[in-house]
Number of protein chains: 2
Amino acid sequence: MYPPLAPAGQLAEVPIGDVRTEAGAIIPNVTVAYQRWGRYRVNEDGTNNVLLVEHALTGDSNAADWWGDLIGAGKALDTDHWCVICTNVLGGCKGTTGPSSVAPDGQPWGSRFPAISVRDQVSTEKQFLDALGITRVAAVIGGSMGGARTLEWAYMYPGVVGAACVIAVSARASAWQIGIQGAQIRAITGDHNWAGGDYYGGPAPVTGLSTARRIAHLTYRGEQEIDERFGTAPQRGENPLGPYRDPAQRFAVESYLDYQAAKLVERFDAGSYVVLTEALNRHDIGRDRGGLNRALADISVPVQVAGVDTDILYPYHQQEHLSRNLGNLIGMAKIVSPIGHDAFLAETRQMDRIVRAFVQFLDPEAVDSKGVIEYYI
Amino acid sequence: MYPPLAPAGQLAEVPIGDVRTEAGAIIPNVTVAYQRWGRYRVNEDGTNNVLLVEHALTGDSNAADWWGDLIGAGKALDTDHWCVICTNVLGGCKGTTGPSSVAPDGQPWGSRFPAISVRDQVSTEKQFLDALGITRVAAVIGGSMGGARTLEWAYMYPGVVGAACVIAVSARASAWQIGIQGAQIRAITGDHNWAGGDYYGGPAPVTGLSTARRIAHLTYRGEQEIDERFGTAPQRGENPLGPYRDPAQRFAVESYLDYQAAKLVERFDAGSYVVLTEALNRHDIGRDRGGLNRALADISVPVQVAGVDTDILYPYHQQEHLSRNLGNLIGMAKIVSPIGHDAFLAETRQMDRIVRAFVQFLDPEAVDSKGVIEYYI
């Protein structure tokens, strides 16, 4: 007997047993927390109506919130038709086991939590589906780190995944990404409150996490969009041009980044940030699989790719590379936006069209296809 | 009587009296350190053969070193013909007064050193030329922060500057630049060794400065160039994919950034890094001058502009903006390179052609013009 699915929209936890990482560490008694929307239905041929949505680095299972314009009754991911499932990622801090979780000895994992890869995140999610008795999914869809997981799903479990929509990500981490993400990790581990990763119970390395977020946010947003919004304007009531430097007298963009940093510090664990950023650094679809393009060519699952023309973090040429080399490309969409990487969250109108085109491929009856245009490949 | 010029290539210090900053602070008894190459000659009409070269953020007066392919006998900036002068910038740590210098009370300036603007750097350099009795310069030339200073020279002292060559910079700081530069400042000031800027005599905030440099370097280098060099390769003899995260087991790009950070920490003062980065944040040719394009239009000095097509820090559209709005544009050159911002230092062949074209404009007899092509404007 499998446990019943979580009530619509509510967070539920599923014990999935031990996870063995790609690099050989064991994480015992892992729990995966998730949310679900829409009724689960299995067809006579064994297929079902599950859409597995993958969240980004500091995202969470509440996909109906951060993708609220795309998920819901009558929306592109129509919960009257589909059963949308979104888990919290392994290594995170939203209910699924991560460095801030309590280990079997009753103490937080902290520095004892192993380094994980995107593949580990995906194999953990597979164990989660197994624990629920879900043997197939109609599709996996995700952007950024969620896109990396979606791509790994398509490679690792072709018998499970009906199709995949991979957004704003690359086939592997680029050196520039490893560099900027590594600098963020160093900013956190260089905070004197880091305590080697075992700061739980003491003061958290919020200064380091704030620095990391400021940097990260500027890779999530387009250079021209940020400038259009803030330029060199001072924050209201402050004067950043005074005779002495004063962190309380800021440019508007500095205030904006302070706000982004403060919000993240409140809602996210620094240890999880390090673990998940490290996982992104290890993202490489080609590792031990004959190389990048061989691995992409071996993906038989139909994949739709989308990218943002102004993405600083995952530049569009990386999605072009995916589209040239994937074994079964069903479409390639360019999101045109000054917003940069975050456009996959913010450009609702374009994302709606891209996701509807993808869902129409899954099931031509399941989506209002008015206005859906097939993409050139 | 004016002091004699420094012996060729040797660092010399010139006391220039008090500097009053744009924001109203006074820095008493400022010293400017500089180097010179080539004999100084004044023509009968009062013009002379001085080329004032402006260094970048962590550069220094040793221009014949960092621009060694461009400066010297027979080179584009031919020291057989021109007298090349390069000062160390106000706020730096290479001999010109900055936060690590000793204030009149015998203690380091530290937190008492005021915030300065690019304009203050330029007015200080003007006082330096006055102190040497040099009333004109044939041209000013510089890239990055040196380009910002060159642009301000052209606006502030049209009667002094014969022409200007402005490379890889913008008319003002963009919000993205302020953001990423502000994050670097926060990384340094968040280091618990920062001590409010008064760490001199104690341990320096090297962790924060290292973080700042890692970030900065990734804005100086093109994303594709970094990836071509390092990709996901491990540092030789290290394994960044082990079961636990270990800062001693690195990707090659992390080792490269560690090296860049360690080199900077050795040669540069964190207080100066903060002061100069803050000056870049305040860069705005239009402030109190009727706005950006009004100020650019008011520049009567002939200006040549150059930019790099892959520049992350000062994207090429910013140099296009300069070229559209400058009052007296003499040329616009695009450096085509995967290297990004640093191409103005690294792409020797292209820079040689750009600088020769500029020098030919200054004096058609003074340069081997073979192969020099006039630029489209």
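Keep in mind the model is a prediction, meaning the values are calculated, not measured. Below, each value reflects all heavy atoms present in this structure, side chains not excepted, and no hydrogens, waters or symmetry copies. Below, chains carry the letters A, B, ... as their sequence lines are ordered, and counting in each starts from 1.
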Engineer: Could you check whether any side-chain heavy atom of Arg186(B) comes within less than 4.5 Å of a side-chain heavy atom of Ser210(A), counting everything from C-beta outward?
Structural biologist: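 With C-beta onward as the side chain, the pair stays apart.
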Engineer: Between the main-chain N or O of Leu218(A) and the side-chain N or O of Trp176(B), is there a donor-acceptor pair closer than 3.5 Å?
Structural biologist: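 The answer is yes, because a donor-acceptor pair under 3.5 Å joins these two groups.
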Engineer: Just one of Leu257(B), Ile226(B), Thr232(B) clears the side chain to side chain contact (heavy atoms under 4.5 Å, CB included) bar with Ile178(A), so which one?
Structural biologist: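 Only one option passes, and that is Thr232(B).
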Engineer: Is it the case that atom OH in Tyr244(A) sees more than 12 heavy atoms from other parts of the structure closer than 6.0 Å?
Structural biologist: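 More than 12 within 6.0 Å, yes.
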Engineer: Heavy-atom pairs under 4.5 Å with chain A are the metric here; pick the option from Gly179(B), Gly182(B), Ala252(B) that has the most.
Structural biologist: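 Ranked by contacts with chain A, first place is Gly179(B).
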Engineer: Which answer fits Ser111(A), side chain, backbone, both or neither, if we ask what part of it has an atom under 4.5 Å from a heavy atom of chain B?
Structural biologist: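 For Ser111(A), backbone heavy atoms alone lie under 4.5 Å from chain B.
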Engineer: Counting only heavy atoms closer than 4.5 Å, note whether His217(A) contacts chain B via side chain, backbone, both or neither.
Structural biologist: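 Looking at His217(A), nothing touches chain B.
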Engineer: What distance do Ile312(A) atom CD1 and Ile312(B) atom CD1 have between them, rounded to the nearest 0.5 Å?
Structural biologist: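 Result: 7.5 Å between the selected atoms.
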Engineer: Heavy-atom cut-off 4.5 Å, strictly under: side chain, backbone, both or neither for Arg287(A) against chain B?
Structural biologist: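 The side chain, not the backbone.
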Engineer: Chain A: which of Gln224(B), Arg221(B), Glu225(B), Arg250(B) shares the most heavy-atom pairs with it under 4.5 Å?
Structural biologist: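 Top option by heavy-atom pairs under 4.5 Å: Gln224(B).
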Engineer: When rounded to the nearest 0.5 angstrom, what distance separates OG1 in Thr211(A) from CD1 in Ile215(B)?
Structural biologist: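 Going from the OG1 atom of Thr211(A) to the CD1 atom of Ile215(B) covers 7.0 Å.
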Engineer: Name the region of Tyr256(B), side chain, backbone, both or neither, that has any atom closer than 4.5 Å to a heavy atom of chain A.
Structural biologist: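 For Tyr256(B), neither part sits under 4.5 Å from chain A.
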Engineer: Chain A: which of Ala25(B), Ala233(B), Ala115(B) shares the most heavy-atom pairs with it under 4.5 Å?
Structural biologist: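 Ranked by heavy-atom pairs under 4.5 Å with chain A, first place is Ala115(B).
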Engineer: With heavy-atom distances below 4.5 Å as the criterion, would you say the side chains of Glu223(B) and Gln177(A) are in contact?
Structural biologist: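 Sidechains of Gln177(A) and Glu223(B): no contact.
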Engineer: Short question: side chain of Arg214(A), backbone of Ile180(B) - any donor-acceptor pair under 3.5 Å?
Structural biologist: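 Here the side-chain-to-backbone pair does not exist.
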Engineer: Just wondering, do Leu241(A) and Glu22(B) contact through their side chains at under 4.5 Å, heavy atoms?
Structural biologist: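 Result no, sub-4.5 Å side-chain heavy-atom pair not found.
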Engineer: If we define contacts as heavy-atom pairs under 4.5 Å, which of Ala173(A), Ala183(A), Gly242(A), Pro247(A) has the most with chain B?
Structural biologist: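 Max contact count across the listed options: Gly242(A).
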Engineer: Would you confirm whether Asp227(A), through its side chain, and Ser174(B), through its main-chain N or O, come within 3.5 Å as a donor-acceptor pair?
Structural biologist: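 No; zero donor-acceptor contacts below 3.5 Å.
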Engineer: Going by the side chain to side chain contact (heavy atoms under 4.5 Å, CB included) test, name the single residue among Ile116(B), Ile185(B), Val275(B) that passes it with Arg245(A).
Structural biologist: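 With Arg245(A) as partner, Ile116(B), Ile185(B), Val275(B) yield a single side chain to side chain contact (heavy atoms under 4.5 Å, CB included), made by Ile185(B).
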Engineer: Does any part of the side chain of Phe251(B), heavy atoms only, come nearer than 4.5 Å to the side chain of Asn281(A), both counted from C-beta?
Structural biologist: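 Of all side-chain heavy-atom pairs linking Phe251(B) with Asn281(A), at least one is under 4.5 Å.
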Engineer: Side chain, backbone, both or neither: which part of Pro240(A) has a heavy atom under 4.5 Å from chain B?
Structural biologist: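 Contact with chain B: backbone only.
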Engineer: I want to check something: taking the side chain as every heavy atom from C-beta on, are Glu254(B) and Gln181(A) in contact at a cut-off of under 4.5 Å?
Structural biologist: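 The answer is no, as the side chains (C-beta and beyond) never meet within the 4.5 Å cut-off.
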Engineer: Can you tell which part of Gln318(A) gets under 4.5 Å to a heavy atom of chain B, answering side chain, backbone, both or neither?
Structural biologist: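 Contact with chain B: side chain only.
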